[in-house]
2 protein chains.
Amino acid sequence: MSTSPILDSVTPRTQPYHHGNLRPVLVDTAVQLARLTGPDGVVLREVARRAGVSHNAAYRHFEDRAALLQEVSDRAMADLEQAMRERIDTVAIEDPVTRASERLRETGRAYVDFAIREPGLFAVAFTTSAGPRDHNSATWTGPYGVLNAVLDELVDAGALTPERRVGADVACWATVHGYAELHVHGPLQEMPAALRDEILESVLDVVHRGLMGS
Amino acid sequence: MSTSPILDSVTPRTQPYHHGNLRPVLVDTAVQLARLTGPDGVVLREVARRAGVSHNAAYRHFEDRAALLQEVSDRAMADLEQAMRERIDTVAIEDPVTRASERLRETGRAYVDFAIREPGLFAVAFTTSAGPRDHNSATWTGPYGVLNAVLDELVDAGALTPERRVGADVACWATVHGYAELHVHGPLQEMPAALRDEILESVLDVVHRGLMGS
DNA sequence: AGCTGATGTGGACACTGACAACATCACGCT
DNA sequence: AGCGTGATGTTGTCAGTGTCCACATCAGCT
């Protein structure tokens, strides 16, 4: 049936018509783009291009561009959580009080470091936020769950009173989140890294004293 | 020369060819759009449409879409600053220490309130941030300048030691900024207003204790 | 063998930011 | 008085994007 063997050997699809594994590849590609350029860089057609597939192919796996972005956001949140867990586990201190305190500090440092190291992912993580599913701290997972667990350790160690435990999660979260935002996308972008780290320590001091007294 | 008097009486431009006052009108329109839809809503063609002018007219007054957005950002920053100043001036307390403390709290409340009340402007204000021109707190104006002034009042009143004054600005800023972000664009959007205000007070308590001891 | 549903393609449409060529007009110079 | 010149506004165009629709391909079941 071939009119020309040349066309037949050159033209035939080097890739099968059906990719077979497209969805995860699309997500990976989108994550890669998000790391480079943030939320606005996650362009449906560019993702398809890099996946070696036609534009529109993504619509078989995602409702929307927003749906794909949400997937990237979930991945970013998971990455952030893991970064926090890893850093927390590096604390090797016996005394329960100082141990819990230091673990809280590492939580904050990990949060800010992640934002600095992965600005694109950090941005995507908080652009399409479905928010905490419920207001019950116990069942919550993700970065917020990690923070809550560490704060509970402080209460168990007797370093944080139950009264001050109320709202402490939001206070900690807001502080490191704001610090990260101001440095990553905000007006403090140009601050040298050394100074940034130094001031972060003093900010963590403020939170520590505010929660547990001097 | 008119082929038809009807066309001549119907067609003539109701508006003069040159707008005469376009630039400020464009900025106003852009601000209006930003309030409704945030940074992404500031669409050059839509701004021109609402100003009753053709697309591209804006290019005679702004280099870029980014340039127009920067103008909106400046306006938003000025609005935020004014909101803070107004709220600060409502504090009517004699005792210098409690007066300065309360003025600091009002600074934070005003910041968060503005973000809640004008989410679009708040977002634009921090999207295109040129950042503090210099790291010298004295010459700085805008919201950051207001904060620094209030913190200096606390030092003058003897409530805040000079050592703890270092980095206090960033600590305060980060806390309220993070609190605002989490509530305006972030995972805490769905929190009821009453609870939001209540927790903000406890967060401000943490900052107060952290800076000035219990 | 043939059907069917899932998956991928090609083509369109409306929208956007940006550029280039042209139109209009206020103002100053001769 | 006339002219021209630069600022301002317009029209036309291009590439790029998200999304919809019709069609192509193909694996697996009947």
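Here is the naming used below: chain letters follow the sequence lines, and residue numbers restart at 1 for every chain. None of these values were measured; they are calculated from a predicted model.
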**Q** Establish whether the base of D:dG16 is bridged to the side chain of A:R45 by a donor-acceptor pair shorter than 3.5 Å.
**A** no
**Q** Donor-acceptor pair, distance only, cut-off 3.5 Å: does the side chain of B:R23 make one with the backbone of B:F62?
**A** no
**Q** Once you round to the nearest 0.5 Å, how far does NE2 of B:H177 lie from CD of A:E181?
**A** 5.5 Å
**Q** Taking only the side-chain heavy atoms of B:S54 (C-beta and beyond), determine which of D:dT10, C:dG17, D:dG18 contains the nearest atom.
**A** D:dT10
**Q** Counting the atoms with a prime plus P, OP1 and OP2 as sugar-phosphate, which does A:R65 contact under 4.0 Å by heavy atoms, base, sugar-phosphate, or nothing?
**A** sugar-phosphate
**Q** Between A:F62 (CZ) and C:dG8 (P), how many Å, whole number?
**A** 11 Å
**Q** Classify the side chain of A:H55 versus the base of D:dG16 as yes if they form a donor-acceptor pair under 3.5 Å and no if they do not.
**A**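 No, the side chain and the base share no sub-3.5 Å donor-acceptor pair.
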**Q** Measuring only between side-chain heavy atoms, which start at C-beta, is B:Y144 closer than 4.5 Å to B:E81?
**A**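 Heavy-atom side-chain distance check fails, nothing below 4.5 Å.
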**Q** Looking at A:Y59, I'd like to know whether one of its side-chain N or O atoms comes within less than 4.0 Å of OP1 or OP2 on D:dT19.
**A** yes
**Q** Provide the closest heavy-atom pair for A:V206 versus B:V207 in the form atom of the first, atom of the second, distance.
**A**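 Result for this residue pair: CG1-O, 4.2 Å.
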**Q** In this structure, how many angstroms lie between the C1' atom of C:dA6 and the CG atom of A:N21, rounded?
**A** 15 Å
**Q** To the side chain of A:R60, which of D:dC23, D:dT13, C:dG10 is closest?
**A**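 Nearest listed nucleotide: D:dC23.
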**Q** Describe the nucleic acid contact of B:R23 in one word from base, sugar-phosphate, nothing, applying a heavy-atom distance below 4.0 Å.
**A**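 Counting heavy atoms under 4.0 Å across all strands, no contact is made by B:R23.
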**Q** Quickly work out the B:L69 CG to C:dA18 P distance and round it to whole Å.
**A**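 Answer to the nearest Å: 11 Å.
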**Q** Kindly say whether, by distance alone, the side chain of A:N56 makes a donor-acceptor pair under 3.5 Å with the base of C:dG11?
**A**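 Such a pair exists between side chain and base.
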**Q** Ignoring hydrogens, what is the shortest heavy-atom contact between A:L33 and A:G41? Give both atom names and the distance.
**A** CD1-O, 3.7 Å
**Q** Write down the distance between CG (B:L26) and C1' (D:dT10), rounded to a whole number of angstrom.
**A** 14 Å
**Q** Can you tell me how far C1' of C:dT16 sits from CG of B:D64, to the nearest Å?
**A**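 Whole-Å distance recorded here is 14 Å.
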**Q** According to a strict under-4.0 Å criterion, is B:H61 in side-chain N/O contact with OP1 or OP2 of D:dG9?
**A**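 Checking B:H61 against D:dG9: at least one side-chain N or O falls below 4.0 Å of OP1 or OP2.
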**Q** Measuring from the side chain of B:R49 (C-beta onward, heavy atoms only), which nucleotide among C:dT16, D:dT10, C:dA18 has the closest atom?
**A** C:dT16
